[in-house]
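First comes the structure, then the notes that go with it.
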Number of protein chains: 2
Amino acid sequence: MRPLFHPALEDIKPEAILYALSDPERVAIYAKLAGASGGGTCSALADLGDRVIPKSSLSNHFKVLRESGLIVSERQGVEMRNQTRCTELDERFPGLIKAILTAYGQLPGQPKTD
Amino acid sequence: MRPLFHPALEDIKPEAILYALSDPERVAIYAKLAGASGGGTCSALADLGDRVIPKSSLSNHFKVLRESGLIVSERQGVEMRNQTRCTELDERFPGLIKAILTAYGQLPGQPKTD
DNA sequence: TCCATAGTTCAGAAATTCGGAACTGTTGAT
DNA sequence: ATCAACAGTTCCGAATTTCTGAACTATGGA
């Protein structure tokens, strides 16, 4: 398997962040990750309630999130631990992630209104 | 010509906003519009400095911005007046547009830091 | 009426996205 | 050591989307 690419903080592009979060499935995954304490695995995040994401699509979603700089992925045994880079990101793009998650109504700990 | 579609404020979707602003050309156009006082025309916004956007592409960019809810377009004689809906939008998605433009370093009146 | 101008629509080529099937890498059991 | 199970990745073809030149539409002025 090819080594996973993670951009350095200063190489993160706003267009990549916006693109990654312009897909509601990816937002749902990201929001679950932001809520999860331990670092979610792919398969644990596949179930969106209304549909189960095929694993190749899921793998691609994680790739987009990772390469845009939204998450870090690290192999841990058979699984992949994923966690958000929200602290770093907020330093680079103040208020951005929070405003986006708020817009989607999926800020962790906030009641969903959809 | 088909009448131009503008979504009602409550129908504006965050994914459409993020998608529209995940393209640096559209962001450049939107930022110029946000800065312009009168309501910019398409052709006045075509020149990005490093390239001139073909007019069919430009027309499409405006369509994307319009249908996502970011701008309103209104025919005025031969031209099209375009203006941002930033005040309304900020009510619906507080802080979102500002955070995005700040991330791009193109908030009107703010020095670019890239 | 005829021309110029601003922008839209059309259509085909190019690029991107989606997802099933095959594959890789890791762990645990025999 | 070999095998099976499992998590996730890669491959590749089909479907969708994007891009843009060319044709078209709408408006105003001479």
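Chain identifiers are assigned alphabetically (A, B, ...) following the order of the sequence lines, protein sequences preceding nucleic acid strands; residue numbering begins at 1 within each chain.
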Handout entry: Side-chain heavy-atom pair A/L89, A/I17 within 4.5 angstrom cut-off
Key = yes

Completion exercise
Counted 5' to 3', the first and last nucleotides of DNA chain C within 4.0 Å (strictly under) of a heavy-atom of chain B are C/dT5 to C/dC10

Problem - Pairing residues for B/S56 by the side-chain contact (heavy atoms from CB on, under 4.5 Å) criterion, not counting sequence neighbours - result: none

Completion exercise
In short, side chain to side chain donor-acceptor pair (under 3.5 Å) pairs touching residues 77-88 of chain B with sequence neighbours left out are B/S73-B/N82, B/E79-B/R81, B/R85-B/E88

Practice task
Identify whether any heavy atom of B/S59 sits under 4.0 Å from a base atom; if not, whether one sits that close to sugar-phosphate; answer base, sugar-phosphate or nothing.
Solution key: base

Which pairs of donor and acceptor atoms, one on a side chain in residues 41-48 of chain A, lie under 3.5 Å apart (sequence neighbours left out)?
{"residue": "A/T41", "atom": "OG1", "partner": "A/A44", "partner atom": "N", "Å": "3.3"}
{"residue": "A/D47", "atom": "OD1", "partner": "A/G49", "partner atom": "N", "Å": "2.7"}

Exercise for the section: Quick one: label A/R51 by what it contacts on the DNA or RNA (base, sugar-phosphate, nothing), any heavy atom closer than 4.0 Å. Expected result: sugar-phosphate

Exercise for the section: Write out all pairs satisfying side chain to side chain donor-acceptor pair (under 3.5 Å) with one or both partners inside residues 12-23 of chain B, taking only residues at least two apart or from two chains. Expected result: none

Exercise for the section: Can you sort out which residues in residues 70-84 of chain B have a heavy atom within less than 4.0 Å of DNA chain C? Ascending by number, please. Expected result: B/V78, B/E79, B/M80

Practice task
Quick one: name the residues clustered hydrophobically with A/M80, using the 4.5 Å side-chain heavy-atom rule over I, L, V, M, F, W, Y, and just say none if it's on its own.
Solution key: A/L4

Exercise for the section: Provide the start and end nucleotides, 5' to 3', of the part of DNA chain D that has atoms under 4.0 Å from heavy atoms of chain B. Expected result: D/dT18 to D/dG28

Exercise for the section: Kindly give the cluster partners of B/V52, where membership spreads through any ILVMFWY side chain lying under 4.5 Å from a current member. Expected result: none

Handout entry: Whichever hydrophobic residues join A/F5 through chains of side-chain contacts under 4.5 Å
Key = none

Fill in the blank from the handout: Sorted by chain and residue number, the side-chain contact (heavy atoms from CB on, under 4.5 Å) partners of A/A20 (sequence neighbours excluded) come out as A/R26, A/V64, A/L65, A/S68, A/L70

Handout entry: Earlier contact from the 5' end, DNA chain C, for A/D23 and B/S57
Key = B/S57

Exercise for the section: For A/R66, check salt bridge (charged side-chain N to carboxylate O under 4.0 Å, His left out) against everything at least two apart and list the hits. Expected result: none

